[in-house]
Amino acid sequence: MSKMDNLRAMREAKYAAAQKQAAGAKPAATRAPVAPPVAAPKQAAEPAADATEADTDELCGHRNMSGRTCTRERGHAAKSHRYS
């Protein structure tokens, strides 16, 4: 079969599926259901006091396409980044 024949066959199959769906028939499943990902067990959390101090000292660290990093504090509320 040529490429155009394959495209025509796919288009006709899609049209037939749309006609079935419009008629009230349940569409055939195109993919097998995927199992939800299993969450990894959480590790013990660090003390909250150390975490807040570290957050104020650390920078955001977001990198733009040219490789510059954001100099705002980690978790900043501003929508834009400030690069240097």
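Computed from a predicted model, the values in this text were never measured in an experiment.
The aromatic rings of H76 and H81 stand perpendicular to each other, their planes meeting at an angle above 60°, with 30° marking the opposite boundary.
Of all the heavy atoms in R72 and A78, the pair that sits closest is NH1-CB, 3.4 Å. Closest approach of R63 to Y83, counting heavy atoms only: C-CE2, 4.4 Å. Minimum heavy-atom separation, L59 to T71: CD2-O, 3.3 Å.
The distance from atom CZ of R82 to atom CZ of R68, rounded to the nearest 0.5 Å, is 14.0 Å.
A single hydrophobic cluster is seen to contain both M4 and M10, as judged by linkage of ILVMFWY side chains at heavy-atom distances under 4.5 Å, directly or through other members.
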